[in-house]
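Let me begin by presenting the structure, written as structure tokens, before commenting on it.
Whatever order the structure lists ligands and atoms in, that order sets their numbers, starting from 1.
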Amino acid sequence: MAAGQQDDLAFGPDMRMGFLGGGQLGRMTIQAALNLDLRIEVLDPDPHCPCARIAHQFTQGDLNDAEAVIAWGRNLDVVTVEIENVSTEGLTALKAMGVQVLPDPAHLALIRDKGTQKQFYADHGIPTSDFVLIEDGRAEVLSRGLPVVQKLRTGGYDGRGVQVIRTEEDARYAFDAPSLLEDAVDIEKELSVIVARSTTGEVKTYPVVESVFNALNLVDYLVAPARISEAVEAEARRVALSVVEAMDFVGLLAVELFLDKGGRILVNEVAPRAHNSGHHTIEACGTSQFEQHLRAILGLPLGDTAQRSAAAMLNLIGGEGANGVPLYSGLAAALAEPGLHPHLYGKATVREGRKMGHITVLADSPDAAEQRALALRDHISTVHAH
Ligand code: ADP
């Protein structure tokens, strides 16, 4: 394998890299991998997932089944993930067999339990909202007073598994499972910083991004760079780096932050992989987050993260009642505009709330990019074909 060599680069067919998960993050990483002549093999339960038709080798299997993960990965050179909900037991076994597994399975296990993740921040002096861990969601949800944010320790994503309990009445609908209860933050802005750290120890951060959420708690659009002061930008990057360093993390870590009304930066949570808040890096930054992930886990020099243009990224999310073959109403007309970059993820079926694609718009300033994204949002709807 050429990755260990310092000066030369050649990934022949003998170099086998595997991805656990075949969703859109894997798909965009395959696009970056082709530029490096890397071959990617994918494991996913869904034979119609976004990677199925473009992976060099696709295997259908359960990501949480340790045996399936081991059988799939044992002959690979490098294994990485595009989703954290995978069998860390299987990955740990692969690592013991000599497969290079990055991010480390111990990091995946720490992060995918929101309870252990939060405790890690508390133990390492990383700023985050105060919290308690509870076993019995219903009985203990009022133990911290109201309002409080209840999060399932495992299994939640895209806002599912998170709810704000404001009243005693709400408490009747509390999740009945081991949970994290945290103080509600008075949020000024939701920010994120993507950090790459390579096997060589080299580390780089991307400029801070600002996310705006819709009613379903999915990122609706984001603006980059974030409209924040230089001091807040520096603090956000410093806090994000401190998480990577405290964990001794290798790979790509997306650090979701809150800027509260008092001007404090708090860590909300991290994702050990490419992230929605980094999609604009494909067109707007020197190196995309997807290529950066590959560089980090292969020990190649990290690419330039500087932003070349202001950008906004609009998710294309299945509209109300959508259920069937996807149709992007208004998108074809929008493509007449300059600086607009569509990304459709190749999902066979659109459903309400499902992320189907995104559009990146480049503009002269973050405000102008946001205005263009908002106009697009009004003209494009993600529905099903009749
Ligand atoms: P998920 O992993 O499902 O994305 P998050 O932990 O990121 O869940 O929470 C989803 C959203 O809920 C956040 O983006 C934020 O808008 C809101 N939220 C989460 N934690 C808090 C908090 N402590 N205070 C206020 N709002 C919160």
Side-chain angles (χ1 to χ4, degrees), residues 21 23-25 81-86 107-122 126-134 137 141-167 170 173-175 177-194 208-223 226 236 239-240 243 253-279 313 315 317 353-355 358:
Q24 64 264 21
L25 301 176
V81 299
E82 64 114 48
I83 182 170
E84 50 272 44
N85 196 13
V86 297
H107 286 138
L108 296 176
L110 169 77
I111 290 166
R112 85 177 200 168
D113 177 341
K114 287 187 190 236
T116 55
Q117 189 190 139
K118 191 84 172 172
Q119 190 62 51
F120 181 89
Y121 304 139
I126 291 163
T128 194
S129 59
D130 288 341
F131 69 100
V132 288
L133 301 180
I134 57 171
V141 76
L142 293 173
S143 60
R144 272 191 81 74
L146 297 175
V148 75
V149 181
Q150 182 187 20
K151 300 184 177 182
L152 290 178
R153 286 186 63 161
T154 55
Y157 66 98
D158 280 349
R160 281 167 255 193
V162 173
Q163 60 178 337
V164 185
I165 309 280
R166 293 195 175 79
T167 63
D170 288 350
Y173 304 100
F175 302 124
S179 313
L180 164 66
L181 276 190
E182 59 180 48
D183 289 355
V185 175
D186 216 356
I187 299 172
E188 172 73 21
K189 270 186 182 188
E190 298 206 28
L191 304 174
S192 75
V193 177
I194 294 177
V208 182
V209 172
E210 161 182 353
S211 306
V212 180
F213 289 79
N214 68 10
L216 294 169
N217 241 339
L218 285 172
V219 173
D220 196 5
Y221 66 93
L222 59 80
V223 180
V239 169
V243 177
L253 195 75
V255 185
E256 296 179 15
L257 303 162
F258 296 133
L259 170 65
D260 79 2
K261 300 246 190 250
R264 285 187 312 162
I265 291 286
L266 302 169
V267 174
N268 174 28
E269 62 170 358
V270 300
R273 51 168 170 77
H275 193 254
N276 201 254
S277 66
H279 290 351
M313 192 281 302
N315 279 310
I317 296 171
R354 193 171 193 204
K355 282 183 196 160
H358 74 265

Check your understanding: Taking only heavy atoms of Glu256, which atoms of ligand 1 are found under 4.0 Å from at least one of them?
Key -> 7 (O)
Review point. What atoms of ligand 1 come within less than 4.0 Å of a heavy atom belonging to Lys114?
Key: 1 (P), 2 (O), 5 (P), 6 (O), 8 (O)
Check your understanding: Will you find, in the side chains of Gln150 and Ser179, an N or O donor that is under 3.5 Å from an N or O acceptor?
Key -> yes
Exercise for review: Tell me, please, which residues at least two apart from Phe131 pass ring pair (Phe, Tyr, Trp, His ring centres under 6.0 Å).
Suggested key: none
Check your understanding: Between the main-chain N or O of Gly23 and the side-chain N or O of Glu82, is there a donor-acceptor pair closer than 3.5 Å?
Key -> yes
Check your understanding: For ligand 1, which atoms, with element, lie under 4.0 Å from some heavy atom of Lys151?
Key -> 6 (O), 19 (C), 20 (N)
Practice item. Sequence neighbours left out, what passes side-chain hydrogen bond (donor to acceptor under 3.5 Å, both in side chains) with Glu182? Give chain and number order. Key: Lys118, Lys151
Check your understanding: Under 3.5 Å between some N or O of ligand 1 and some N or O of Val162?
Key -> no
Study note, to complete from the structure: Restricting to heavy atoms, the pick from Phe131, Phe258, Phe213 nearest atom 18 (N) of ligand 1 would be Phe258
Practice item. Look at ligand 1 and say whether Asp186 reaches it with a heavy atom at a distance under 4.0 Å. Key: no
Check your understanding: With a cut-off of 4.0 Å, which atoms of ligand 1 are near a heavy atom of Glu190?
Key -> 13 (C), 14 (O), 15 (C), 16 (O)
Practice item. Taking only heavy atoms of Ala184 into account, list the atoms of ligand 1 that are under 4.0 Å away from them. Key: 24 (N)
Check your understanding: Out of curiosity, Tyr121 OH to Asn268 CG, how far, rounded to the nearest 0.5 Å?
Key -> 8.5 Å
**Study point:** Check: Gln117 side chain, Val270 main-chain N or O, donor-acceptor pair, under 3.5 Å
**Key:** yes
Point to revise | Closest to atom 22 (C) of ligand 1 among Leu181, Val149, Val148, Thr128 (heavy-atom distance) | key: Val149
Practice item. Check ligand 1 against Glu182 and write out every atom of the ligand that is under 4.0 Å from a heavy-atom position of the residue. Key: 20 (N), 21 (C), 22 (C), 23 (N)
**Study point:** His279 and Gln24: side chain donor to acceptor below 3.5 Å
**Key:** no
Point to revise | Where ligand 1 meets Ile187 - atom numbers and elements under 4.0 angstrom, heavy-atom basis | key: 25 (C), 26 (N)
**Study point:** Ion pair check, Glu84 and Arg112, cut-off under 4.0 Å
**Key:** no
